[in-house]
Amino acid sequence: MAYGEAVENLSREMVLVSHIQRGAVQDGPGWRTTVYLKGCPLRCPWCYNAESLHFQQELRYVPQFCIGAAACGRCLEACRSGGIVLPGPDTDGRPVVRRQLCRVCGECTQVCPSGALSLVGRAMTAADIVQEAEKDRDFYSTSGGGLTLSGGEPLVRPTLAAAVMTLARQKGLHTAIETCGWFDLDAPENRTALRHCDLLIFDLKHLDS
Ligand code: SF4
Ligand code: SF4
């Protein structure tokens, strides 16, 4: 199989991305585009990307953004699963999400005017991710920046990680991976990913004796 064809095959896998941060300055050198993949095998109590822990799409609710059920209440009408209920006395007039009944259909997010409700997890291919990162190429060239793959844990998606790193390299982007270290070093795709990675940022989570 030709090299280009192999990369093409690698790049077809879809992955859920929780969010993409442009102009990141703490995930490697220069101005960077950091792509947060969903899904991590660890459950660190101090995780600052809790929306990236699970591998599936999720409903995010930020009550502080809600303008109140009395002023709006559209989500209560939109949800047909009982996933959103009227506010109780201690919710300051804001609806409550009942996770056990939510089907993650996204209907409520379509009508929420304030962004309090949103779906986390956008399906993207490696090609989509690199294309997104390429939009800031001018900033990379003046700052020494590039693309950082983060999470979640990007290397538990070896095929996707290999495809992103390979494609980004082909496009001349500086590449970095942020890892918690929980991944299979013997997986050939991970070796491909690391071979095309300019900087590995290893987040050592904890030590024991
Ligand atoms: S995502 Fe769907 S099921 Fe869940 S709360 Fe919103 S409307 Fe209800
Ligand atoms: S739709 Fe959004 S802003 Fe309106 S009540 Fe529901 S959560 Fe609040």
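Below, all heavy atoms of this structure are taken into account, side chains as well, without hydrogens, waters or symmetry copies. These figures come from a predicted structure and were not determined experimentally. Atoms within each ligand, like the ligands themselves, are counted from 1 in listed order.
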Quiz item: Among side-chain atoms of Thr179 and Glu153, is any donor-acceptor pair under 3.5 angstrom?
Solution: yes

Exercise. Have a look at ligand 1 and work out which part of Val97, if any, has a heavy atom under 4.0 Å from it: side chain, backbone, both or neither.
Key: neither

Quiz prompt | For atom 6 (Fe) of ligand 2, closest protein heavy-atom neighbour | solution = Cys75 SG, 2.3 Å

Self-check item: salt_bridge(Arg169, Asp198) N-O dist < 4.0 Å
Solution: yes

Quiz item: At what distance is the nearest protein heavy atom to atom 8 (Fe) of ligand 2, and which residue and atom is it?
Solution: Cys66 SG, 2.4 Å

Practice problem: Identify, for atom 1 (S) of ligand 1, the protein heavy atom at the shortest distance, and state residue, atom and that distance. | Solution: Gly106 N, 3.3 Å

Quiz prompt | Proximal ligand 1 atoms for Arg103, defined as those under 4.0 Å from one of its heavy atoms | solution = 3 (S), 4 (Fe)

Practice problem: Find all atoms of ligand 1 within a distance of less than 4.0 Å from any non-hydrogen atom belonging to Cys108, and give their numbers and elements. | Solution: 1 (S), 5 (S), 6 (Fe), 7 (S)

Quiz item: Looking at atom 2 (Fe) of ligand 1, what's its closest protein heavy atom, distance included?
Solution: Cys105 SG, 2.3 Å

Quiz item: Just heavy atoms, cut-off under 4.0 Å: does Leu117 contact ligand 2 by side chain, backbone, both, or neither?
Solution: side chain

Quiz item: Do any N/O/S atoms of Cys72 come under 2.8 Å of atom 4 (Fe) of ligand 2?
Solution: yes

Quiz item: Can you say whether the rings of Phe139 and Trp31 are parallel (under 30°), tilted (30 to 60°) or perpendicular (over 60°)?
Solution: parallel

Quiz item: Any idea which part of Pro95 is under 4.0 Å from ligand 2, heavy-atom wise: side chain, backbone, both or neither?
Solution: side chain

Quiz item: Where the side chain of Tyr36 meets the backbone of Leu149, is there a donor-acceptor pair that is under 3.5 Å apart?
Solution: no

Quiz item: What's the shortest heavy-atom distance between Gln57 and Val104, and which atoms?
Solution: O-CG1, 3.8 Å

Quiz item: Are side-chain N/O atoms of His174 and Arg32 paired as donor and acceptor at under 3.5 Å?
Solution: yes

Quiz item: atom 3 (S) of ligand 2: which protein heavy atom is closest, and how many Å away?
Solution: Ser114 OG, 3.3 Å

Quiz item: Can you hop from Phe202 to Leu194 via hydrophobic side chains spaced under 4.5 Å?
Solution: no

Quiz item: Does a donor on one side chain sit under 3.5 Å from an acceptor on the other, for Tyr61 and Ser118?
Solution: no

Quiz prompt | Any Ile84 heavy atom less than 4.0 Å from ligand 1 | solution = yes

Quiz item: Any N/O/S of Cys112 under 2.8 Å from atom 8 (Fe) of ligand 2?
Solution: no

Quiz prompt | Heavy-atom side-chain contact between Ser18 and Ser52 under 4.5 Å | solution = yes

Self-check item: Among Gly73, Ala70, Gly115, Ala116, closest by any non-hydrogen atom to atom 5 (S) of ligand 2
Solution: Gly73

Exercise. Decide salt bridge (Lys or Arg N to Asp or Glu O under 4.0 Å) for Arg22 and Asp136; before the verdict, give the C-alpha distance in whole Å, the side-chain angles of both, and the deciding distance to 0.1 Å.
Key: CA-CA 8 Å; Arg22 321 200 90 89; Asp136 281 355; 3.2 Å; yes

Practice problem: Check ligand 1 against Cys79 and write out every atom of the ligand that is under 4.0 Å from a heavy-atom position of the residue. | Solution: 3 (S), 5 (S), 7 (S), 8 (Fe)

Exercise. Would you mind checking which non-hydrogen protein atom is closest to atom 4 (Fe) of ligand 1, with the distance to 0.1 Å?
Key: Cys102 SG, 2.4 Å

